[in-house]
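Along the sequence shown, the residues carry numbers beginning at 1.
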Amino acid sequence: MNTIEISKFKTAYGELLLGSYENKLCICDWYYRKMRNQIDSRIKSALDAEYLEKESEVITETKKQLNEYFLALRKEFNIPLLLLGTPFQIKVWEALQKVSYGKTSSYLKLSEQLGNTKAVRAVATANGANAISIIIPCHRIIGSTGSLVGYAGGLSVKERLLELEQQRNNNQLKLTL
């Protein structure tokens with residue numbers, strides 16, 4: 001039986017479940033999210049694996065980079081990722097990774113980027129199935145009206161993450177010549 005190394009990671013924003021498989025991160029997800037069982041089942045099934053509580057190099061590095069992110073010292077992550085989902089979900093998650101730090105987008109804009117403006121609900125569903133929160137920044141997706149909408153970690157956490165990023169962007173020195 002294959003194993004997915006997992007570790008819980010408590011942060012000031014909430015508790016995350018981190019998981020790695022063959023030196024790639026496959027889970028960085030809110031431990032207490034509503035869809036925890038569905039996400040875990042999908043990942044275990046895709047890899048024909050079970051969870052084993054064990055620290056791995058990838059998990060250790062993920063914790064380090066997340067801590068740097070939470071301290072506003074890191075804007076981008078360089079963790080090897082293993083995306084486990086349908087081809088459409090993976091396209092959505094890849095598009096999410098292009099939403100820059102401190103910026104937001106909407107489900108409609110993502111569906112436009114993917115070439116199908118009628119796929120807004122499917123994009124929203126794929127966004128909700130993201131098992132690699134923060135690193136695949138689904139928190140940067142807001143409603144078309146600018147409202148905060150759904151987030152696995154809760155709307156208050158989503159708001160705090162967006163504030164962290166915007167504060168960091170606004171506090172940078174702007175050099176002019």
For a side chain to side chain donor-acceptor pair (under 3.5 Å) check, start with the C-alpha distance between Y13 and W30, then their side-chain angles and the critical distance, and finish with the verdict. CA-CA 10 Å; Y13 292 81; W30 301 101; over 6 Å; no
Would you confirm whether [X], through its side chain, and [Y], through its main-chain N or O, come within 3.5 Å as a donor-acceptor pair?
| X | Y | result |
| --- | --- | --- |
| N130 | I136 | yes |
| R42 | A129 | yes |
| R74 | E68 | no |
| S41 | Q38 | no |

Side-chain contact, heavy-atom cut-off 4.5 Å: [X] with [Y]?
| X | Y | value |
| --- | --- | --- |
| T11 | L66 | no |
| L81 | K24 | no |
| L110 | V120 | no |
| S133 | C138 | yes |
| I27 | Y51 | yes |
| Q97 | L83 | yes |

Is it the case that one hydrophobic cluster holds both [X] and [Y], taking links as side-chain heavy atoms less than 4.5 Å apart, direct or via other members?
| X | Y | value |
| --- | --- | --- |
| L16 | I79 | yes |
| M35 | L96 | no |
| I134 | Y32 | no |
| I141 | Y151 | yes |
| L82 | F77 | no |

Contacts of type salt bridge (charged side-chain N to carboxylate O under 4.0 Å, His left out), residue K91, not counting sequence neighbours: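 Counting only residues at least two positions away or on another chain, K91 forms no salt bridge (charged side-chain N to carboxylate O under 4.0 Å, His left out).
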Electrostatic pair [X]:[Y] at N-O distance under 4.0 angstrom:
| X | Y | result |
| --- | --- | --- |
| E165 | K103 | no |
| E55 | K63 | yes |
| E94 | K98 | no |

Any chance the side chains of E22 and N2 put a donor and an acceptor closer than 3.5 Å?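 No pair is found: no donor N or O on one side chain lies under 3.5 Å from an acceptor on the other.
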With distance as the sole criterion, is a donor-acceptor pair present between the side chains of E112 and T117 under 3.5 Å? no
Who are the side-chain hydrogen bond (donor to acceptor under 3.5 Å, both in side chains) partners of K44, not counting sequence neighbours?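 Here no residue qualifies.
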Which residues pass the side-chain hydrogen bond (donor to acceptor under 3.5 Å, both in side chains) test with R33, not counting sequence neighbours?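 R33: side-chain hydrogen bond (donor to acceptor under 3.5 Å, both in side chains) contacts with D29.
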Mind listing the closest non-hydrogen atom pair of S20 and S56 along with its distance? OG-OG, 2.7 Å
Run the side chain to side chain donor-acceptor pair (under 3.5 Å) test on Q65 and N78 for me, step by step, so that the C-alpha distance in whole Å, both residues' side-chain angles and the decisive distance to 0.1 Å come before the verdict. CA-CA 8 Å; Q65 290 189 28; N78 57 353; 2.6 Å; yes
Looking at N23, I want to see if its CG is surrounded by more than 12 non-hydrogen atoms of other residues, nucleotides or ligands under 6.0 Å.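 No, not enclosed.
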Report, as yes or no, whether the 6.0 Å neighbourhood of atom CD on E163 holds more than 12 heavy atoms from other residues, nucleotides or ligands. yes
Y107 and side chain to side chain contact (heavy atoms under 4.5 Å, CB included): which partner among N127, V92, I142? N127
Check the pair L161 / Y69 against side chain to side chain contact (heavy atoms under 4.5 Å, CB included), numbers first and verdict last. CA-CA 10 Å; L161 291 172; Y69 169 84; 3.9 Å; yes
How long is the straight-line distance from NZ of K54 back to CD1 of I6, given to the nearest 0.5 Å? 12.5 Å
